Amino acid sequence: MGLESSFTLLRGIGEIILNNREEIHFSIDAYRGYRYVSVRKYIKQDGFTGPTADGVTLTPDIVRTLVPRLLALPEAAASLKLGTVGKFAKRPGMCIVVSIVELGNVRSLELRSWEQDKGFTKKGILLPLAQWEQIRRLFADTLAALEEQPDLDF
């Protein structure tokens, strides 16, 4: 029997409500036998409710390295400085770059894929720093859930 080739939700962690039509979901998922963390925007509208293309997937190793860095940042969002928090290897030639950015008048935590031959890709998501406390809590909860079952079989 071959590896499972479809997406499987293993555990929902929580969400950030952006507005009455958009949310960002944190979850632990599986695809083709690999476990990963998904941070993805979902929409709710007439005729469709579900995930969008906006989001990233993170390996458990990235989460184990990223979360302590995020929790070491100031608790007050206003104290966060613009710039790169870290660059985390996902696979050869690809990484996730985590940065504090300001687009317009909105400050966000950006998680964006970067490929060696292309630079930054379209794969990414912005988490509004107006919800920094909740962002920190969701990442901490995600790490705790991964560590509860570090060698989960599915």
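Not measured: the values here are computed from a predicted model.
- Screening residues 39-70 for ring pair (Phe, Tyr, Trp, His ring centres under 6.0 Å) gives His25-Tyr42 as the qualifying pairs, with residues at least two apart or on separate chains.
- Within the 3.5 Å criterion, the main-chain N or O of Thr52 finds a donor-acceptor partner in the side chain of Arg40.
- Rounding to the nearest 0.5 Å places CG of Leu109 at 5.0 Å from CD1 of Ile100.
- The OG atom of Ser38 lies 11.0 Å from the CD1 atom of Ile13; values are rounded to the nearest 0.5 Å.
- The nearest pair of heavy atoms linking Leu10 to Ala30 is CD1-CB, 3.9 Å.
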>> Quick one, Trp114 with Cys95, criterion side chain to side chain contact (heavy atoms under 4.5 Å, CB included). Give me CA distance, side-chain angles, the key distance, then yes/no.
In response: CA-CA 5 Å; Trp114 183 89; Cys95 64; 3.6 Å; yes

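- Judged as a side chain to side chain contact (heavy atoms under 4.5 Å, CB included), and not counting sequence neighbours, the contacts of Arg136 are Leu71, Glu75, Trp132.
- Looking at heavy atoms from C-beta onward, Ile24 lies out of side-chain contact with Glu15 at the 4.5 angstrom threshold.
- At least one side-chain heavy atom of Leu73 sits less than 4.5 Å from a side-chain heavy atom of Leu80.
- Placement of Ile16 and Leu143 within a single hydrophobic cluster is found when ILVMFWY residues are connected by side-chain heavy-atom separations under 4.5 Å, directly or transitively.
- Residues satisfying the side chain to side chain donor-acceptor pair (under 3.5 Å) test with Lys44, not counting sequence neighbours, are Glu23.
- Contact between Ala145 and Ile28 at its shortest, heavy atoms only, is CB-CD1, 3.7 Å.
- Applying the side chain to side chain donor-acceptor pair (under 3.5 Å) test to pairs two or more places apart or on separate chains, none has a residue in residues 119-128.
- With sequence neighbours excluded, no residue satisfies side chain to side chain donor-acceptor pair (under 3.5 Å) with Asp141.
- Evaluation of the side chain to side chain donor-acceptor pair (under 3.5 Å) rule for Ser27 yields Asp29 as partners, not counting sequence neighbours.
- For the atom pair CD1 of Ile135 and CG of Leu127, the computed distance is 4.5 Å after rounding to the nearest 0.5 Å.
- Atom CG of residue Leu58 and atom CG of residue Leu111 lie 6.0 Å apart, to the nearest 0.5 angstrom.
- For the residue pair Gly124 and Val56, the shortest heavy atom distance occurs at CA-CG1, 3.4 Å.
- Ile17 and Leu138 are assigned to two separate hydrophobic clusters, defined by single-linkage of ILVMFWY side chains at heavy-atom distances under 4.5 Å.
- For the side chain to side chain donor-acceptor pair (under 3.5 Å) test, residues two or more places apart in sequence or in another chain that qualify with Arg11 are Glu148.
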>> Does Phe139 form a side chain to side chain contact (heavy atoms under 4.5 Å, CB included) with Arg69? I'd like the steps, not just the answer.
In response: CA-CA 11 Å; Phe139 273 109; Arg69 285 196 192 178; over 6 Å; no

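- In this structure, the side chain to side chain contact (heavy atoms under 4.5 Å, CB included) partners of Glu22, at least two apart in sequence or on a different chain, are Leu18, Asn19, Lys41, Ile43.
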> Would Thr142 and Val67 satisfy side chain to side chain contact (heavy atoms under 4.5 Å, CB included), going step by step from the backbone distance to the final call?
Replying inline: CA-CA 9 Å; Thr142 300; Val67 171; 5.8 Å; no

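- Residues passing the side chain to side chain contact (heavy atoms under 4.5 Å, CB included) test with Ser79 are Pro74, Ala76, sequence neighbours excluded.
- Taking CG of Leu66 as the start and CG of Asp61 as the end, the distance is 12.0 Å to the nearest 0.5 Å.
- Screening residues 107-121 for salt bridge (charged side-chain N to carboxylate O under 4.0 Å, His left out), with sequence neighbours left out, gives Glu110-Arg112, Glu115-Lys118.
- Across every non-hydrogen atom of Gly55 and Ile125, the tightest pair is CA-CB, 3.9 Å.
- Separation of atoms OG1 (Thr8) and CZ (Arg32) is listed at 12.5 Å; rounding is to 0.5 Å.
- Taking the side chain to side chain contact (heavy atoms under 4.5 Å, CB included) definition, one finds that Lys90 meets it with Thr57, Thr59, Ile62, Met94, Ile96, sequence neighbours left out.
- For Tyr36, there are no ring pair (Phe, Tyr, Trp, His ring centres under 6.0 Å) partners at least two apart in sequence or on another chain.
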